[in-house]
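A quick write-up on the structure given underneath.
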Amino acid sequence: MKYIVMECNEGYAVLMDEESRFVKAADLSYEVGQTVTDPVIMNSDEDRAKKITFRIGRIAAVAASLVLMVSAGSIYYSRNLKPHSTVLISSDANIRLELNKKGKVLHIKCDDNIGKEILKDYDGKGKDMLTVANEILELEKEKGVISEGDTVDFYIESDDSRDYDTYRNDVEKGIPDINVKVKGLDSFKPAEKAKPDDKAKPEPAVKPDPAKDGKTPEAPKPPAQDEKLPEPPAPPAVEPAAPAEPPAPPKSEVKPAEVKDPPAPPAETPEPPKEADKPAEGEKPEPPKPDEGAEPPRPAAHPEAAPPKAVAPAAGPIGEAVIAMDEIHIAPMAEEPLKDIIKEDEAESAPAAPPAPIPP
Amino acid sequence: MNSDAHQIISRVYEAKTDSHAADQLISDYMPFIKSETARFINRPPNKSDDELSIAMFAFYEAIQNYSRLRGSFLKFAALHIRNRLIDNYRKEKKNKGQISLDVSEDDKTDLRETIRDEHDAYEENELREATKQEIAELSAQMQDFGVSMSDVADNSPRQRRTLESCQKAVRYARSNPDILEDFLRTKRVPLAKLAEGADVERKTLERHRRYLVAVLLICTNGYEIMRGHIMQVLKGGEKT
C-alpha cells in the first residue's frame, strides 16, 4: 500500500493511503508530498483491544476444538471400543465374546485349553456377534467338541436390556443345528444365585423365633444378668414351685378360680422371686429377661424399693399371676405374661416380705 | 514534585486534542525521548536516526493513550517508547539479510550507481513538488472549513464497513457535480443529500464529517495528483 505524506508534525506525520484513509504514522524523516510504502502506523487503544480480542478468540477457538476432539474421541471410544455386552458360549469350552455398543466383537477370550485350541487360528474381531458365534460353533463341531443336536448354553450380559433381548433373539433364532439355551450371565454364577434362595429360606426360620420369643427378640442378652441374679436364692426356691405344678393343668379353669382366689396371693407371693431363680437352675434364662429392668433383683437387693413401684399394678392381676406361675412350670415360653406376673408378684411379695422364709 | 506531575498531566490532556500543544510537549520533552532512545540503542541518537523518530512518535502515542489511571505519565511514556522500539527492532530484523543500496560490499562505490535507474529523478522531484503544492492548497482550503490534517486523521473511518459507506457517499457526490458545488459554496457537507442519494446512514456520515470534507475537497477540481492516488476509490464508484 502506498501512502502520500500529507503533513509532518513534531512527533508524527499524517499519511493518506490509496483507499483515501488518513492515518498518523512515525515521521521517519518524511517530506510532505513524498510517497512512502512501509510506514510505522499509530496503534490506537481500539486496535490493541482488537488484537487482544483476536488472541482471546484464537485461544477460545483452540480450546473449543480441543473439547470437541476430546468429546468426539470419548463418544467414539464408548461406541466402538468400550465393551458393552458379553456373550459366553458354554460348551466344553467357555468362550467369552465382548461386544461394543454396535454389537461388533471386540475381544474373544478363553481361559481353558480346549477353547484356546479352538480359537488358535481364528480371529473374529470386528465381526457381528451372531456370525462369530456361528463360526465358533462350527469350529467346535470340526474339533469334535460338540456335535449336531447338542445343547450349548449361551450366557448374555448387557448394559442395555434392549441389547440383551436383541442378542437373545439373534442367538435363539440365528443358530441352526444346535440346541441353544440362553441365560443371563448372572445365572452362570451359582453363588449369586444361591443368595436370593438363602434369603428366602431364613425368613421362615426366623419367623418361628419371634413366635417363640413373643415380643422380645432381645431375649438372649439378659441371660447373663439372670445368671448373676439366681446365684443367691435360686436353688431352694425351685422346690416350692413343684407343688404349684398340680394346679397348672386346669389352666382354662384357673381364670375363674383366680377371681375367686384373691386370698391366695399372700401365700404365693413369696414365689415370684423363686420363679426368677428357676431359670438359673434350669436352662431358660428367658423368663427373667423381661425383668432386666431391675425387677428380679428387687426382691433380693432392694426389697424396699420394689414395693412402691409395684403398688399401682398390683391391684388387679393377682389372680392371673397364679395361672402364670403354673404356666411357667409347664411351658415357660410366654414371656410377657411372665413379666407382668413377676412384677405383680414382686409388688405383692414386697409387702409380704415376711413370708420369704417359706422356701426352706 | 506533585505540582510538576500535575502540570505534565494537564499538558498531556491538552495535547490530546490540540496538535500544537502536542508538538510543544514533544519539543519540551525531547531530552527525555532521546535518553530513552539512547538507553535502547546504547548510544546517543542522531537526528536522522529512525529510532529517534519512532521514539518521538511513541511519545505522541503515549500522549493520546494516557489516562490518569495509568500512573505517572513519564513512566508510561518510557514503557511505550521502549515497546515501540522493540517492535521496530523485530521488524527490521526480518530485513537483516538484505543489502543496503547506500553502501557496497567494498565500501567504495554506491550500489545505486550500479543499478539502472528507470525513474527520472528530476521528474520525481517535480512530481513531489507538485504534490506538495496541492497538499498546501488543500490544507489552506480545509482551514476554511475549520478542519486540519490531524483532525482528518483522527476522524478517518477505521472499520471497513464505515469506510465503504463514506466512499459510497463520495462517489455519489462526484457523480453529482451540483452537490460538490453546493458544498464549496456553502462550506457545509450536504449530509442529507449524500445519505439519501448514496443510501447510507446519515449518522455514519455525521460521525466522519471532517473526513468527508477532506475527501470531497480532493474530488473537486485542482487536486489531480491526489485524485490519482485514490483513483481506486473513485473508480469503484464509476463501475457501479
Side-chain angles (χ1 to χ4, degrees), chain A residues 1-69 72, chain B residues 19-20 22-27 30 33 47-50 53-61 63-65 84 87-88 91 124 127-136 138-139 148-158 163 166-167 170 211 214-215 218 225-226 229-234:
Chain A
M1 178 86 72
K2 284 182 181 176
Y3 297 80
I4 289 183
V5 180
M6 304 293 285
E7 187 181 63
C8 288
N9 287 300
E10 189 70 24
Y12 64 96
V14 177
L15 314 179
M16 183 177 71
D17 69 9
E18 290 170 315
E19 289 183 330
S20 73
R21 203 181 288 154
F22 285 71
V23 291
K24 286 180 178 175
D27 182 5
L28 304 175
S29 311
Y30 295 148
E31 285 178 24
V32 175
Q34 185 183 349
T35 304
V36 295
T37 52
D38 195 17
V40 179
I41 294 170
M42 184 168 162
N43 284 335
S44 65
D45 277 355
E46 288 173 15
D47 297 333
R48 259 180 235 139
K50 273 182 195 171
K51 275 183 187 173
I52 291 167
T53 312
F54 179 68
R55 276 183 199 167
I56 291 170
R58 263 198 320 196
I59 291 165
V62 169
S65 58
L66 273 175
V67 168
L68 272 176
M69 283 169 64
Chain B
S19 58
H20 293 292
D23 286 350
Q24 191 58 49
L25 191 60
I26 291 167
S27 301
M30 190 55 88
I33 296 167
K47 211 175 180 181
S48 59
D49 281 339
D50 281 355
S53 301
I54 286 166
M56 287 164 72
F57 179 60
F59 190 84
Y60 177 73
E61 272 185 329
I63 291 170
Q64 296 298 320
N65 295 331
R84 262 296 185 188
D87 286 348
N88 184 61
K91 195 176 160 189
E124 261 188 20
L127 182 65
R128 186 181 291 184
E129 282 300 316
T131 310
K132 200 174 179 178
Q133 212 169 338
E134 269 190 16
I135 291 168
L138 178 66
S139 296
S148 71
M149 286 289 180
S150 292
D151 293 339
V152 175
D154 292 336
N155 198 235
S156 183
R158 301 194 198 288
L163 181 68
C166 291
Q167 288 174 349
V170 170
Y211 166 76
V215 181
I218 291 170
I225 297 169
M226 278 188 281
H229 182 69
I230 59 171
M231 190 50 80
Q232 264 189 330
V233 177
L234 304 176

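If you're wondering where the values come from, they're calculated on a predicted model, not measured in any experiment. The chains referred to below are lettered A, B, ... by the order of the sequence lines, with proteins before strands, and numbering in each begins at 1.
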Inset, instruction - Pick one of side chain, backbone, both or neither for B/L127, based on which atoms fall under 4.5 Å of a heavy atom in chain A. - result: neither

Legend entry - Gap between atom CD1 of B/I225 and atom CD1 of A/I4 - 0.5 Å precision: 7.5 Å

Legend entry - Flag side-chain contact, heavy atom, 4.5 Å: A/K24 against B/Y60: yes

Legend entry - Separation of B/M149 CE from A/M16 CE (nearest 0.5 Å): 8.0 Å

Legend entry - Contact check, side chains of B/R84 and A/V40, non-hydrogen atoms, under 4.5 Å: yes

Inset, instruction - State, without any angle test, whether B/S53 and A/Y30 hold a side-chain donor-acceptor pair at a distance under 3.5 Å. - result: no

Inset, instruction - Kindly compute the distance separating CD (A/E7) from OG (B/S150), expressed to the nearest 0.5 Å. - result: 4.5 Å

Inset, instruction - Please flag which part of B/A214 lies under 4.5 Å from any non-hydrogen atom of chain A: side chain, backbone, both or neither. - result: side chain

Inset, instruction - Please examine the side chains of A/S20 and B/Q167, heavy atoms only from C-beta on, and report whether any two atoms are closer than 4.5 Å. - result: yes

Inset, instruction - Please examine the side chains of B/I54 and A/L28, heavy atoms only from C-beta on, and report whether any two atoms are closer than 4.5 Å. - result: yes

Legend entry - Close side-chain approach of A/V14 to B/V152, heavy-atom, < 4.5 Å: no

Inset, instruction - Please round to the nearest 0.5 Å and tell me the distance separating atom OH of A/Y3 and atom NE2 of B/H229. - result: 9.0 Å

Legend entry - Heavy-atom side-chain proximity of B/L163 to A/E19 below 4.5 angstrom: yes

Inset, instruction - Could you give me the CA-CA distance, side-chain angles and deciding distance for A/T35 and B/T131, then say whether side-chain contact (heavy atoms from CB on, under 4.5 Å) is met? - result: CA-CA 10 Å; A/T35 304; B/T131 310; over 6 Å; no

Legend entry - Spacing of B/I26 atom CD1 and A/Y12 atom OH [to the nearest 0.5 Å]: 7.5 Å

Inset, instruction - Among the options B/S27, B/S48, B/A153, pick out the one with the most heavy-atom pairs lying under 4.5 Å from chain A. - result: B/A153

Legend entry - Interatomic spacing from CZ in B/F57 to CD in A/E10 - rounded to 0.5 Å: 14.0 Å

Inset, instruction - Flag the pair A/Q34 / B/K132 as yes when at least one side-chain heavy-atom distance between them is below 4.5 Å, and no otherwise. - result: no

Legend entry - Option in B/M226, B/Q24, B/M30, B/E129 with maximal non-hydrogen atom pairs under 4.5 Å from chain A: B/M226

Legend entry - Residues, nucleotides or ligands: over 12 heavy atoms within 6.0 Å of B/K91 NZ: yes

Legend entry - Min side-chain heavy-atom separation B/L138-A/M6 under 4.5 Å: yes

Legend entry - Side chain / backbone / both / neither for A/D17 at chain B, heavy atoms under 4.5 Å: backbone

Legend entry - Residue part contacting chain B, namely of A/D27, when any heavy atom lies under 4.5 Å: backbone

Legend entry - Residue selection (most heavy-atom pairs with chain B, distance under 4.5 Å) from A/S29, A/A13, A/G33: A/G33

Legend entry - Segment of A/V23 engaging chain B (4.5 angstrom heavy-atom cut-off): backbone

